[in-house]
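The block underneath contains the structure these notes are about, expressed in structure tokens.
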Amino acid sequence: MSNKIAADPSCVDPFEAGLISVAEALRRIEDRITPVVACERLPIRECLDRVNNEAVKSPHSVPPAPNSAMDGFAVAIDSLPADSITELEEIGTAYAGKPFEGECKHGQCVRIMTGALIPAGTDAVVMQEQAQVTEAGRIRIDGDHRVGENIRLAGEDVRQGDTVIEAGARLSPADLGVLASLGIAQLQVKRKPVVAFFSTGDELMPVGEPLQPGKIYDSNRYSLHGMLSRMAVDIIDLGVVRDDPGSMREALSQAASQADLIISTGGVSVGEADYIKPALEELGTTEFWKIAIKPGRPLTFGQIGASIFMGLPGNPVAVMVTFSQFVVPAIEVMAGAAMRRPALFRARALDALRKKPGRTEFQRGIANLDDDGQWQVAKTGKQGSGILTSMSRANCFIVLPDSNEGVEPGDMVDIQFFDWSR
Ligand code: AMP
Ligand code: MG
């Protein structure tokens with residue numbers, strides 16, 4: 001008889017049955033989440049990062065009328081014979097917001113400022129640096145200019161009736177500017193999803209109290225608070241829930257009455273699922289997924305009443321990995337936006353990275369540009385899923401696909417910067 005303790009086969013078999021891929025988990029999330037429907041009309045400043053409800057069509061063209069792109073002289077090209085230098089009479093000035101009212105005739109020009117309307121009778125702006133003012137106050141210009149020079153056309157940014165912001169778009173700072181350029185003061189956006197979250201574990205203590213033997217501080221609620229605060233959601237922190245079915249039931253039903261999305265951390269180790277499972281099954285429908293990733297393999301996904309439930313692992317790094325890979329996309333869909341995939345960049349690995357095939361690994365990296373402007377990435381030391389400083393030192397995940405069997409220094413790897421959703 002072997003005197004070895006039998007290892008949990010799920011920990012050693014990389015091709016364990018029942019594992020689903022990252023892509024499959026995302027597909028299921030997208031299928032099962034219904035976007036919020038309710039909207040609110042807000043001043044555009046308050047619409048930053050919110051999801052636009054209806055396509056915005058432009059009520060007028062931007063710019064509304066042709067205007068100058070430079071400080072200089074508005075001229076008729078007909079007044080400037082090619083291959084010679086002409087002296088023109090300056091008959092006035094056109095300012096931005098204060099147009100020149102007269103008409104420019106042959107042999108005349110109008111001094112013009114950037115943004116000023118193009119005066120009648122002119123069809124080009126010669127920049128100030130290409131003109132000379134004579135002692136007599138006449139304007140000398142050569143013949144090397146063309147019609148339309150330095151003129152911004154009406155509608156060259158936006159034409160009246162064009163869709164400028166699609167339904168379902170998240171509003172960026174530039175979008176706020178575009179809305180303002182169209183004179184739109186308020187916009188209808190989807191309401192924010194409400195997200196409630198709690199930690200589970202009898203070992204957890206709140207910060208601010210001396211640490212008791214056998215206990216640890218609850219860090220997950222703080223990293224979750226940080227990640228959620230950067231998203232356009234309303235958050236409810238439900239604190240720590242003790243490891244018993246009654247407390248779990250109570251927390252879940254309270255959360256379900258207030259939130260669109262409920263996130264828990266912990267309680268997924270063998271044995272612990274014994275108290276989470278019955279509570280979940282009593283209150284709603286749930287599935288326990290094992291996703292082929294490291295860290296963060298177990299994820300509970302389900303529904304309690306109208307709320308979606310996502311049970312993340314307990315290990316602090318696994319919480320951040322599963323949040324960034326699954327909760328962020330889930331919130332995107334819930335908010336009414338399109339589910340986006342994080343952008344990956346290619347980087348040269350500076351360190352050897354250990355990796356077994358069978359799962360996608362999210363190792364923590366520090367990426368920066370080398371002297372040739374190429375990304376290079378170092379690892380942040382120990383990669384255990386409880387080593388949270390590996391996350392705080394990092395600025396990216398090094399994403400190693402299922403098939404990868406380890407990395408040597410100099411190999412090219414994919415990296416995913418944190419905060420990819422912003
Ligand atoms: P569990 O899935 O509950 O067994 O948790 C896995 C590991 O993560 C255990 O070592 C827990 O002590 C730890 N853990 C769970 N929740 C937290 C938390 N909120 N803060 C810090 N560590 C936690
Ligand atoms: Mg626990």
Side-chain angles (χ1 to χ4, degrees), residues 7-8 10-11 16 18-19 25 195-229 235-252 254-255 259 261-281 286-302 309-327 359 361-364 380 382-394:
D8 173 354
S10 68
C11 294
E16 177 192 345
L19 279 185
V195 182
F197 61 104
F198 58 86
S199 299
T200 69
D202 286 340
E203 75 281 29
L204 301 178
M205 287 194 60
V207 296
E209 289 178 23
L211 196 61
Q212 288 163 18
K215 305 260 178 171
I216 58 170
Y217 288 119
D218 172 11
S219 61
N220 289 343
R221 269 190 312 127
Y222 293 84
S223 44
L224 279 179
H225 172 90
M227 293 186 288
L228 286 166
S229 297
I235 59 179
I236 304 172
D237 182 344
L238 294 175
V240 176
V241 175
R242 296 294 147 209
D243 284 333
D244 71 77
S247 308
M248 183 72 183
R249 229 180 1 249
E250 204 181 300
L252 286 173
Q254 195 198 340
L261 175 63
I262 306 164
I263 302 170
S264 69
T265 65
V268 288
S269 308
V270 182
E272 288 200 316
D274 295 350
Y275 75 84
I276 281 209
K277 237 181 175 164
L280 287 172
E281 277 162 3
T286 44
E287 291 173 31
F288 293 85
W289 296 348
K290 283 195 238 160
I291 306 176
I293 61 170
K294 185 181 174 185
R297 182 175 50 166
L299 187 83
T300 308
F301 185 86
F309 173 76
M310 294 181 88
L312 310 186
N315 276 311
V317 178
V319 167
M320 298 194 77
V321 169
T322 48
F323 185 95
S324 72
Q325 304 306 311
F326 304 113
V327 179
R359 294 203 247 166
E361 283 198 18
F362 294 85
Q363 302 203 7
R364 274 70 67 202
T380 55
K382 287 207 194 84
Q383 294 290 313
S385 68
I387 299 179
L388 193 51
T389 50
S390 76
M391 274 301 291
S392 72
R393 273 200 282 272

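Atoms within a ligand are numbered from 1 in the order they appear, just like the ligands themselves.
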Margin query: Donor-acceptor pair, distance only, cut-off 3.5 Å: does the side chain of D243 make one with the backbone of G267?
Written below: no

Next item on the list: List the closest protein heavy-atom neighbour of atom 16 (N) of ligand 1: residue, atom name, distance to the nearest 0.1 Å.
Entry: N220 ND2, 3.4 Å

Item checked: Nearest non-hydrogen protein atom, atom 4 (O) of ligand 1 -> S269 OG, 2.3 Å

Next item on the list: With heavy atoms of Y217 as the reference, note each atom of ligand 1 found under 4.0 Å away.
Entry: 20 (N), 21 (C)

Note to self: I need the contact type for R221 against ligand 1. Using non-hydrogen atoms and a strict under-4.0 Å cut-off, is it side chain, backbone, both or neither?
What the structure shows: neither

Check: Tell me: protein heavy atom nearest atom 9 (C) of ligand 1, and distance?
Finding: E203 OE2, 4.3 Å

Note to self: I'd like to know if the side chain of S264 reaches the main chain of S199, judged simply by a donor and an acceptor atom lying under 3.5 Å from each other, with no hydrogens or angles considered.
What the structure shows: no

Check: Which residue holds the protein heavy atom closest to atom 5 (O) of ligand 1, what is that atom called, and what is the gap in Å?
Finding: G314 CA, 3.6 Å

Item checked: Worked verdict on R364 versus S390 for side-chain hydrogen bond (donor to acceptor under 3.5 Å, both in side chains) -> CA-CA 6 Å; R364 274 70 67 202; S390 76; 3.1 Å; yes

Check: Given P316, G267, S385, which has its nearest heavy atom closest to atom 2 (O) of ligand 1?
Finding: G267

Notebook entry, point to check: Nearest heavy atom to atom 19 (N) of ligand 1: which of V317, D218, T265, I216 does it belong to?
Noted result: D218

Checklist line | Mutual orientation of the aromatic rings belonging to F301 and W289 [parallel < 30°, tilted 30-60°, perpendicular > 60°] | finding: parallel

Notebook entry, point to check: Among all protein non-hydrogen atoms, which one is nearest to atom 10 (O) of ligand 1, and what is the separation to 0.1 Å?
Noted result: N315 OD1, 4.2 Å

Check: Residues two or more places apart in sequence or in another chain: which of them pass side-chain hydrogen bond (donor to acceptor under 3.5 Å, both in side chains) with E203?
Finding: none

Notebook entry, point to check: Atoms of ligand 1 less than 4.0 Å from S199 heavy atoms?
Noted result: 19 (N)

Note to self: Only heavy atoms of V268, strictly under 4.0 Å: list the atoms of ligand 1 that pass.
What the structure shows: 2 (O)

Next item on the list: Give the contacting part of L204 toward ligand 1: side chain, backbone, both or neither, where contact means a heavy-atom distance below 4.0 Å.
Entry: side chain

Check: Is R297 reaching over with its side chain to a backbone N or O of A292, donor-acceptor style, under 3.5 angstrom?
Finding: no

Note to self: As a test of understanding, state which of Q383, Q363, R359 forms a side chain to side chain contact (heavy atoms under 4.5 Å, CB included) with K294.
What the structure shows: R359

Check: Is Y217 reaching over with its side chain to a backbone N or O of E209, donor-acceptor style, under 3.5 angstrom?
Finding: yes

Checklist line | Residue and atom name of the nearest protein heavy atom (relative to atom 21 (C) of ligand 1), distance in Å to one decimal | finding: S219 OG, 3.4 Å

Check: Looking at T322, I291, V268, which hits side chain to side chain contact (heavy atoms under 4.5 Å, CB included) with P298?
Finding: V268

Notebook entry, point to check: How close does the nearest protein non-hydrogen atom get to atom 1 (P) of ligand 1, and which residue and atom is it?
Noted result: E272 OE1, 3.2 Å

